[in-house]
Amino acid sequence: MSAATTWTVASIQTALRAKKVSAREIATEFYANIDRRNPDINAYLTLSRERAFAQADRVDVATACGEKLGPLAGVPIAVKDVISTAGVRTTCGSKILETYVPPYDATAVARLEKAGAVILGKTNCDEFAMGSSNENSAYGPVRNPVAMDRVPGGSSGGSAAAVAAGMAVAALGTDTGGSIRQPGACCGVPAMMPTYGRVSRYGLIAFASSLDRIGPFATNVADTAAIMSVIAGHDENDATSAAVPSPDYAAGIEQAIQGLRIGVPEEYFGEGIDSQVKEKVLAGIALLEKLGCKRVSLKMPHTEYAIATYYIVATAEASSNLARYDGVRYGLRVPGATLIDMYRKTRERGFGAEVKRRLMLGTYALSSGYYDAYYLRAQKVRALIARDFTEAFQKVDAIVTPTAPTPAFKLGEKTSDPLQMYLADIYTVTGSLAGIPGISVPCGVTKEKLPIGMQILGPHFSESRVLQLARAFEKAGGFTI
Amino acid sequence: MTISREDVLRVAELAQLELTPEEAELYRGQLDEILNYIGKLQKLDVTNVEPMTQMSFNSAEAAASSSASPREGEPDLREDKLRPCNIADAVLEQAPDAAKPFFRVPKVIER
């Protein structure tokens, strides 16, 4: 482990303000660590050194001039490669966008830089964020820094691995069915999916528009909250962003959690869960009880339908969203005799196997004769799953579950069986479908030293409470329980 | 068997994908397995359930869990005002075949 791994948002702010270190020195330190570790881990696809050092120099000039620094001044951050960065290649982990350079920044990226953050580069991910292991990237898999023969989870595997390996202080990922929380669990770092609409998606390259969200990875809960405070809030460039005021999550992080009712749904501890995961998460819940929370047993009867519902809704939306990759306006073009021929050859060569599989599934679910049986029915079941949560949150303040049924699996273990891969998201897709916020926090390790994640879910726009629970859990030693 | 080879080829055509025969066979088997799994949705009674077509928020719930109250009414639409957007050249630079100010594509009229 290099010294780079010890920096946090808070320690960087203190050191910069005390002039003990410059933003340029911090960025240099992180790039040195990336140069050393990334060839093995493959977390980054593109490094934005020029942009990063220009930003670091701006921070250092501001420091020298005695100007007020932003809350993330000099903080090195990695950005998942489905989020647009002006002038920095953005591939979505796909060959179809291998040379694509966006003409504008995503709002989340612009807000990070405005707060002083230094964007180090773009992180590897499953192609168009479709996957649970990062093995669907066209640019090779990411290795889990904790166990190099294992996957980092997905689809934001590069972001999770970059933070876990000290190649960034924090990272942005995206979550559609678990793609922030599950890799956070696999790599042993806190990872938050905000409420749908809480963080602007302007500049996020769409996968499934009723589900996609941007959220942070960090090494501790306070840093997670600090990133959230900067990226959250209404944006007039995103019609789905909610006009709800977002509090200063970082400031409220230490608020007491005593008396909060935490729901434990029995459906999340049934068939298919690894016994060590179950044991540690139950120990985590016991710790929250010890901290003054009241445990309430819950039944959420539609949980078992969530994966089926998700894979209809998400693929149907993807089949529409990914229609734009046709070789006309950007990205790959494979010449063809006719326009249709060009579309088909371009898409055949540009998309990988999982993307094609999902486009086929989504197209099938929307096609004439199957729409009612699949898509419409899935939307109705989605309403039932959301209702399970609405009813639960009348009885409890938060819900605590495992993040994933197993720890990180071996590279190649599930690649030949798409359905088994989909089931890795069994505990995360529910919150995605309901639109609620959730965080995965580390909750000890298995005998093999593999990280285990515990998920805390709250009602819409309750990120403050979710973060307070996570912080109290962290402070009481829950991460290493 | 839920999905036939003909179904796969028809769906591929709708999705503008040109599959190799091997891909068609692979996807047939995998989609069949996935659709069989998804078939569990047919067991649920969804009579009188309104489909959730988009994410929408109950503002009372938002108010209850956030310190300040949200603005009333949704969706939040901005004023329909023209704003300069001078990125046409930057956008065309990304085009595989541009003839400014156009994207050039194979002929579509004569088929």
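Lettering of chains follows the sequences in order, A, B, ..., and the numbering in each one begins at 1.
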>> Are A/Arg382 and B/Pro51 packed together at the side-chain level, in the sense that at least one heavy-atom pair is separated by less than 4.5 angstrom?
In response: no

> What is the distance from atom CE of B/Met52 to atom OG of A/Ser210, rounded to the nearest 0.5 Å?
Replying inline: 7.5 Å

> Does the salt bridge (charged side-chain N to carboxylate O under 4.0 Å, His left out) test come out yes or no for B/Glu18 and A/Arg349, once each step is laid out?
Replying inline: CA-CA 9 Å; B/Glu18 188 182 88; A/Arg349 196 181 306 164; over 6 Å; no

>> side-chain contact (heavy atoms from CB on, under 4.5 Å) for B/Leu14 and A/Met360? Distances and angles first, verdict last.
In response: CA-CA 9 Å; B/Leu14 288 172; A/Met360 304 262 296; over 6 Å; no

>> With a strict 4.5 Å heavy-atom criterion, list every residue of residues 314-327 of chain A that contacts chain B, or say none.
In response: A/Gly327

>> Measuring only between side-chain heavy atoms, which start at C-beta, is A/Leu332 closer than 4.5 Å to B/Pro96?
In response: no

> Hey, which of B/Asp7, B/Val91, B/Asp97 has the most heavy atom pairs under 4.5 Å with chain A?
Replying inline: B/Asp97

>> Walk me through whether B/Ile3 and A/Tyr364 qualify under side-chain contact (heavy atoms from CB on, under 4.5 Å).
In response: CA-CA 10 Å; B/Ile3 188 164; A/Tyr364 182 78; 3.9 Å; yes

> Between B/Leu44, B/Ile34, B/Leu35, B/Leu17, which shows the greatest number of heavy-atom pairs under 4.5 Å with chain A?
Replying inline: B/Leu44

> Heavy-atom distance under 4.5 Å to chain B: side chain of A/Met342, backbone, both or neither?
Replying inline: side chain

> A/Arg357 and B/Gln30: side chain to side chain donor-acceptor pair (under 3.5 Å), yes or no, with the steps?
Replying inline: CA-CA 8 Å; A/Arg357 191 154 40 234; B/Gln30 291 174 336; 2.5 Å; yes

> With a 4.5 angstrom heavy-atom cut-off, which part of B/Arg104 approaches chain A: side chain, backbone, both or neither?
Replying inline: backbone

>> Using side-chain heavy atoms (C-beta onward) and a distance below 4.5 Å, is B/Lys107 in contact with A/Leu339?
In response: no

> Taking A/Lys345, A/Lys380, A/Arg387, A/His302 one by one, which has the highest count of heavy-atom pairs under 4.5 Å against chain B?
Replying inline: A/Lys380

>> So, using side-chain hydrogen bond (donor to acceptor under 3.5 Å, both in side chains) as the criterion, who are the partners of A/Thr303 when residues are at least two apart?
In response: none

> Taking C-beta and beyond as the side chain, do A/Arg333 and B/Val105 meet within less than 4.5 Å on heavy atoms?
Replying inline: yes

>> Taking salt bridge (Lys or Arg N to Asp or Glu O under 4.0 Å) as the definition, give me every residue that meets it alongside A/Glu304, ordered by chain and number, with sequence neighbours left out.
In response: B/Lys40

>> Which atoms of A/Leu366 are under 4.5 Å from chain B, going by heavy atoms: the side chain, the backbone, both sets, or neither?
In response: neither

> Where does A/Leu97 contact chain B at under 4.5 Å (heavy atoms): side chain, backbone, both or neither?
Replying inline: neither

>> Can you give me the closest heavy-atom contact between B/Asp45 and A/Leu384, atom names plus distance?
In response: O-CD1, 4.5 Å

>> Apply side-chain contact (heavy atoms from CB on, under 4.5 Å) to residues A/Leu423 and B/Tyr37 and explain how you reach the verdict.
In response: CA-CA 11 Å; A/Leu423 293 173; B/Tyr37 176 81; 3.6 Å; yes

> Among all residues two or more places apart in sequence or in another chain, which pass the salt bridge (Lys or Arg N to Asp or Glu O under 4.0 Å) test with A/Lys356?
Replying inline: A/Glu348, B/Glu23

>> Quiz question: by atom type and distance under 3.5 Å, do the side chains of B/Gln42 and A/Arg377 form a donor-acceptor pair?
In response: yes

>> Please classify the contact between A/Thr309 and chain B as side chain, backbone, both or neither, with a heavy-atom cut-off of under 4.5 Å.
In response: both

> Counting heavy-atom pairs under 4.5 Å to chain B, which of A/Val313, A/Leu211, A/Ile307, A/Val101 comes out on top?
Replying inline: A/Val101

> Do you know the tightest heavy-atom contact between A/Arg347 and B/Ala15?
Replying inline: NH2-O, 3.0 Å

>> Can you tell me which of B/Leu41, B/Val46, B/Thr53 forms the most heavy-atom pairs within a distance under 4.5 Å of chain A?
In response: B/Leu41

> Rounded to the nearest 0.5 Å, how far apart are OG of A/Ser209 and CE of B/Met55?
Replying inline: 11.5 Å

>> Please rank A/Tyr100, A/Phe351, A/Tyr343 by heavy-atom pairs under 4.5 Å with chain B and give me the top one.
In response: A/Tyr100

> When heavy-atom pairs shorter than 4.5 Å are enumerated against chain A, which of B/Leu92, B/Leu19, B/Leu26, B/Ile87 gives the highest number?
Replying inline: B/Leu19

> Between A/Ile385, A/Asn237, A/Thr346, which residue shows the highest count of heavy-atom pairs closer than 4.5 Å to chain B?
Replying inline: A/Asn237

>> For the interface with chain A, which of B/Lys43, B/Arg83, B/Glu50 has the highest count of heavy-atom pairs at distances below 4.5 Å?
In response: B/Arg83

> Who among A/Tyr330, A/Tyr374, A/Tyr422, A/Tyr305 has the most heavy-atom pairs with chain B under 4.5 Å?
Replying inline: A/Tyr305

>> Using a 4.5 angstrom heavy-atom cutoff, name the option from A/Ala386, A/Ala353, A/Pro103 with the most pairs to chain B.
In response: A/Ala353

>> Tell me the closest heavy-atom pair linking B/Val49 and A/Ala383, and the distance in Å.
In response: CG1-CB, 4.0 Å

> What's the verdict on side chain to side chain donor-acceptor pair (under 3.5 Å) for A/Arg344 and B/Gln16, showing C-alpha distance, side-chain angles and the deciding distance?
Replying inline: CA-CA 5 Å; A/Arg344 293 191 178 158; B/Gln16 304 290 10; 2.8 Å; yes

> Which atoms of A/Tyr104 come close to chain B, meaning under 4.5 Å heavy atom to heavy atom: side chain ones, backbone ones, both, or neither?
Replying inline: neither

>> Which atoms of A/Tyr375 are under 4.5 Å from chain B, going by heavy atoms: the side chain, the backbone, both sets, or neither?
In response: neither

>> Please classify the contact of A/Ala365 with chain B as side chain, backbone, both or neither, using a heavy-atom distance under 4.5 Å.
In response: neither

